[in-house]
Amino acid sequence: MGPLLKLIDVRKCYSSGPKCDIFPLAGVSFELLQCERVILLGKSGSGKSTFLNIVGGMDSPTQGQVFFDGSEITRMSPVDLAHYRRREVGFIFQSFNLFPTLTVGENVTLPLDLLGIRNYAKAHEILSAVGLDGYWRKFPETLSGGEQQRVAIARALVKRPRLILADEPTGNLDQETGNGILKLIDEICNESEASLIMVTHSADALWLAPKHYRLKSGILIEDNYVN
Amino acid sequence: MTTQTLLRFNFKYYRRHTLLALLCLLGISLGVGIVVAVELINDSALASFQSSVDFLSGRATHSIISTFGRIDESGFKNLWANPKVKAASPLIDVIANTLETDSESIRFLGVDPLLDSQFRSWIPPLEDRQDMAEFLRGDPPSAFVSQDLMKSYKLKKGDWLTALDAGLEKKIRILGALPEGVEGGLGENLVVMDISSAQEVFGRVGRLDRIDLIIEEPVSSAIPDLPPGLKVTDANSRKSTLTAMLYSFQLNLAAMSLIALFVGVFLIYNFSMFSVLSRRQDMSLLLTLGCDRWSLLAAFMIESLILGALGSLIGLIFGFSIASYSIGKVSSTISQLYFQVNALHVELSARIIADGLTVGFLATLIGVTLPALEVAVTPPVLGLKRQSIEDRTNSLKGYLFLIGAAFFIFSILSAWASRRSIFWGFVSAFGMTTAFALFTPGLLSPFTYYLGIVFKKFSNGLEGFLAARNIGASLSRTSIAVAALAVALSMTIGVDTMIHSFRTSVASWLEEVLTGDLYISPDTTKWDHPLPTALIDKMANDPSVDSVERYATYEVYLYDRPVKLRVIQSEVLGDKARYRFIEGDEKKAWGDMRKGGIFISESLGFKFKLKLGDYLTLNSPEGPRDFLIVAVTRDYSSDQGAIQIDRDFYKKIWKDDRVQSIALFLKPGVSQEEVRKSVSREFKGLERTVVSNHEMRERVLGIFDKTFAPTSTLKGVSLLVALLGVATAMMAILLERSREIRVLGYLGLTSKEIGKMNIYQGLIMGFASFLIASVCGLLLTYIIVYAINYRSFGWSIDISLNNRIFVEALGLTLVACFVSSLYPTFKLIRTASASTIKEE
């Protein structure tokens with residue numbers, strides 16, 4: 001069985017003029033297997049978010065190829081990319097990014113609605129799994145930060161994506177709540193057999209994945225090797 | 001931090017958001033523009049009207065007019081011999097069409113050149129004695145024509161003008177042009193003839209229309225023995241009498257002006273408020289950085305003054321342009337309905353400039369200051385959160401609803417109070433629209449919530465659901481835009497439904513009173529051109545004609561106010577017409593009319609507080625005479641009020657047998673075309689005055705439609721302004737919710753779906769506005785019909801709903817909202833597809 005995700009010499013450059021002057025990714029090659037988890041480390045501005053966005057189909061590389069389950073997503077049309085995100089990718093953000101206008105239930109069922117699934121049993125199940133039974137009709141503004149992140153996790157995982165991309169999921173939370181969230185991600189990933197790429201600065205989160213990578217000057221290096 | 005620094009900070013914002021700055025300026029200038037345009041049109045109409053009267057009066061201090069028709073020329077000799085009368089000039093004053101001027105109405109003035117020289121300087125120096133002789137001799141009739149008219153129709157000395165007198169062609173030779181500047185307030189359409197030629201041409205031998213006087217003593221001592229039925233008026237009272245005739249027209253414009261003012265102020269407020277609200281977080285940040293709230297407030301107030309000044313200046317130019325564009329329509333309507341005026345000129349007076357600036361400045365100041373004050377007094381930590389303004393709006397919506405309910409009750413009470421003064425009618429309309437504007441946030445919130453649920457249940461996509469929720473989530477922006485659009489739409493629906501009801505009532509009234517098969521009716525009937533007796537005799541004896549109804553209408557004075565006296569044949573109409581009697585018994589009334597009773601129109605009864613069984617006094621050649629009112633009928637023919645009298649009875653008292661138009665009731669099977677041809681064979685030119693029943697009704701309804709024509713221009717502009725509000729609100733949502741929109745992209749929504757969501761947002765706002773406006777508009781119709789129209793004119797109107805108005809309003813709103821949402825959608829798609837979320 002081949003890798004779920006494969007990046008071949010992916011480069012991304014930003015330019016203010018005709019020449020490229022910023023290289024967040026300067027030739028990244030990477031593979032992620034089914035059910036594999038990796039943690040991505042790096043300083044601010046090192047290109048971690050760019051990496052996630054390219055993998056998630058939200059951004060396109062300047063050069064190189066990205067394959068998901070054998071399909072090259074870098075060749076996909078914007079509509080196909082949207083469908084790829086809709087089916088295969090679950091994003092978890094640092095700042096939760098819940099819709100304040102929707103109830104907890106509506107936020108969680110949104111990915112199902114997008115897939116045309118009107119059976120919300122899974123949504124109830126996952127809300128219960130994240131410990132938010134009885135929160136269905138509440139609005140995000142009435143929840144604490146930890147609760148909001150739980151809702152965001154439920155929203156990301158309700159459709160059973162094969163790839164979870166988490167960008168500093170505990171960055172806005174205190175240590176205790178953050179640890180709770182990490183445990184939750186661990187449990188749900190185990191249960192759903194999803195692959196995970198998590199960006200973090202927190203040393204407390206390193207246990208979640210056996211493999212650690214670091215982005216430095218646009219190059220992806222296995223962290224154990226760096227150490 | 002100084003105010004100066006803050007001001008620089010504020011204007012940097014506008015530099016970065018050029019489009020928003022332009023939209024804001026456009027909103028202010030459109031708001032000011034519509035207010036200024038309406039005022040300009042109103043003022044120009046009045047000024048032209050008054051200068052026409054001034055011009056016609058010349059140096060005359062007084063005029064003698066008839067209170068029942070025309071002046072007998074023989075009485076003039078005594079007047080001329082009266083030493084207390086310094087000067088007197090008899091006049092013939094006729095409005096007629098000519099073939100050479102595309103049936104445009106021309107004023108023909110017949111003057112005595114010698115006597116009139118003390119009043120006016122109209123006659124140019126004659127080039128040779130032959131011209132003078134021809135002018136005075138009147139054989140052929142000759143005239144001087146205003147320079148503009150000569151230029152417009154390429155007329156020259158020696159050409160012929162063919163005046164249509166009751167449809168008959170009368171040739172008049174052009175002797176030359178009037179001196180420059182003579183046109184005065186009348187515009188270009190003026191022809192001056194010798195008085196005897198004018199009497200001859202227009203069938204007025206032995207009669208005068210008016211006598212101008214110069215007297216220095218009090219009228220009672222200068223002319224103590226005025227013959228019965230004549231009246232001396234001074235220039236001012238003539239002006240006020242004529243100006244009163246314009247009342248209904250001005251009322252129409254005044255109503256539009258109020259709408260314009262309301263919508264204009266609302267929109268300026270909306271735009272300026274938006275410009276502040278979109279910087280709410282920046283302002284709170286400035287407060288956090290140590291800026292004091294009063295400096296902040298001062299900076300925003302100064303900004304509002306600068307914006308207000310710029311917007312108002314552009315608005316003045318815009319208003320001037322709309323007025324200049326509409327004035328042609330307005331002048332032709334006034335000429336057709338009330339009084340001959342041509343080529344109204346739009347002039348910006350200091351008062352109008354001041355009004356425009358006041359509206360622009362005040363609305364901008366309030367629009368900017370209120371939200372700035374809200375931020376200044378809000379703890380910065382709350383101000384930094386976008387949600388806090390929505391929370392506040394949400395908590396306020398209940399109170400706003402209650403205040404709206406108070407306005408609603410106030411509006412009902414004002415409508416009731418309008419029986420005392422029309423002012424309360426306008427207050428009621430204003431109160432009702434304010435009430436619904438205040439209801440908007442309270443209605444919009446549950447509406448969008450449940451609409452979202454409906455969308456989710458019954459549609460495949462999520463776009464409708466998300467769009468509905470977004471509107472509810474940005475209530476501070478969307479409710480104002482929806483309220484502004486609802487106000488403009490409700491005015492449109494209200495006024496259109498009133499016009500439709502009015503038109504339907506007029507059409508059914510025409511069906512009741514115009515029952516003849518054919519009419520021989522010159523369209524200059526109101527200018528008093530009698531039909532040839534031979535024609536009337538011929539038609540009366542025509543075997544194909546079952547009966548003929550002879551008709552004439554005159555302006556008479558009732559308690560010093562002009563009203564219409566309509567001379568009808570009761571024995572024909574009693575049988576053929578189906579009058580609607582407001583008071584009086586139909587069977588008895590017609591019999592009573594033959595005995596000398598009169599019918600009065602509903603509007604006359606209302607204005608003069610007259611009812612069935614009362615007597616009214618009219619001047620006749622025999623002196624004042626009382627007439628018993630035997631019926632009050634529905635009659636939309638004149639807002640001045642009308643009296644109907646039997647022809648035989650009128651003839652006996654007024655010794656006048658003139659007929660201005662006739663209705664022909666044909667025998668079964670007779671072809672209308674045949675009758676038309678037979679008229680044309682014997683009376684060349686008169687065939688153009690023969691109209692079928694249908695054409696006659698269409699002619700009247702055509703005039704009706706013209707009266708309300710200026711309304712549509714202003715309505716369109718109000719709607720445009722309101723729609724700009726929708727576009728702005730959507731841009732605001734786009735700015736503030738850009739992060740959420742990006743998240744939608746992460747969740748897998750395509751750019752197209754996000755764009756669709758935004759378009760749905762515009763459409764839902766339009767639909768919500770339409771729903772609110774439908775209810776408010778209907779209530780406004782009742783207020784306009786019962787509290788404004790009836791109180792102004794005394795006309796009762798049957799309210800009739802027209803689905804077309806609602807379908808058109810909805811269609812127009814949805815199309816316009818769709819168009820308004822295109823640019824924000826374009827921006828949105830770019831936002832959604834081009835950017836990612838930065839988390840660190």
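Letters A, B, ... mirror the listed sequences (proteins, then strands); counts begin at 1. The figures here come from the full heavy-atom set of this structure, side chains too, leaving out hydrogens, waters and symmetry mates.
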- request: Of all the heavy-atom pairs spanning B/T750 and A/A82, show the shortest one and how long it is.
  value: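 The answer is CG2-CB, 3.2 Å.
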
- prompt: Do A/R86 and B/L747 have side chains that get closer than 4.5 Å, going by heavy atoms?
  reply: no

query: Between B/L466 and A/F99, is any pair of side-chain heavy atoms under 4.5 Å apart?
result: no

message: I'd like to know if the side chain of A/N97 pairs up with that of B/Y746 as donor and acceptor (distance under 3.5 Å, no hydrogens or angles considered).
response: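 Distance-only check fails for A/N97 and B/Y746.
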
Neighbour count above 12 (heavy atom, 6.0 Å) for [X] [atom1]:
X: B/K756; atom1: NZ; value: no
X: A/R75; atom1: CZ; value: no
X: A/F139; atom1: CZ; value: yes

Residue A/R87 versus chain B: region with a heavy atom under 4.5 Å: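 Neither; nothing under 4.5 Å.
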
field: Evaluation steps, side-chain contact (heavy atoms from CB on, under 4.5 Å), between B/E753 and A/V79
entry: CA-CA 10 Å; B/E753 285 165 332; A/V79 174; over 6 Å; no

- prompt: Contact part of B/K456 toward chain A, heavy-atom cut-off under 4.5 Å: side chain, backbone, both or neither?
  reply: both

query: At a heavy-atom separation under 4.5 Å, does B/T448 approach chain A through its side chain, its backbone, both, or neither?
result: neither

message: According to salt bridge (charged side-chain N to carboxylate O under 4.0 Å, His left out), who are the partners of A/D174, at least two apart in sequence or on a separate chain?
response: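 Listed in chain order: nothing, the list is empty.
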
message: Heavy atom to heavy atom, less than 4.5 Å: which residues from residues 102-110 of chain A reach chain B?
response: A/L102, A/E106, A/T109, A/L110

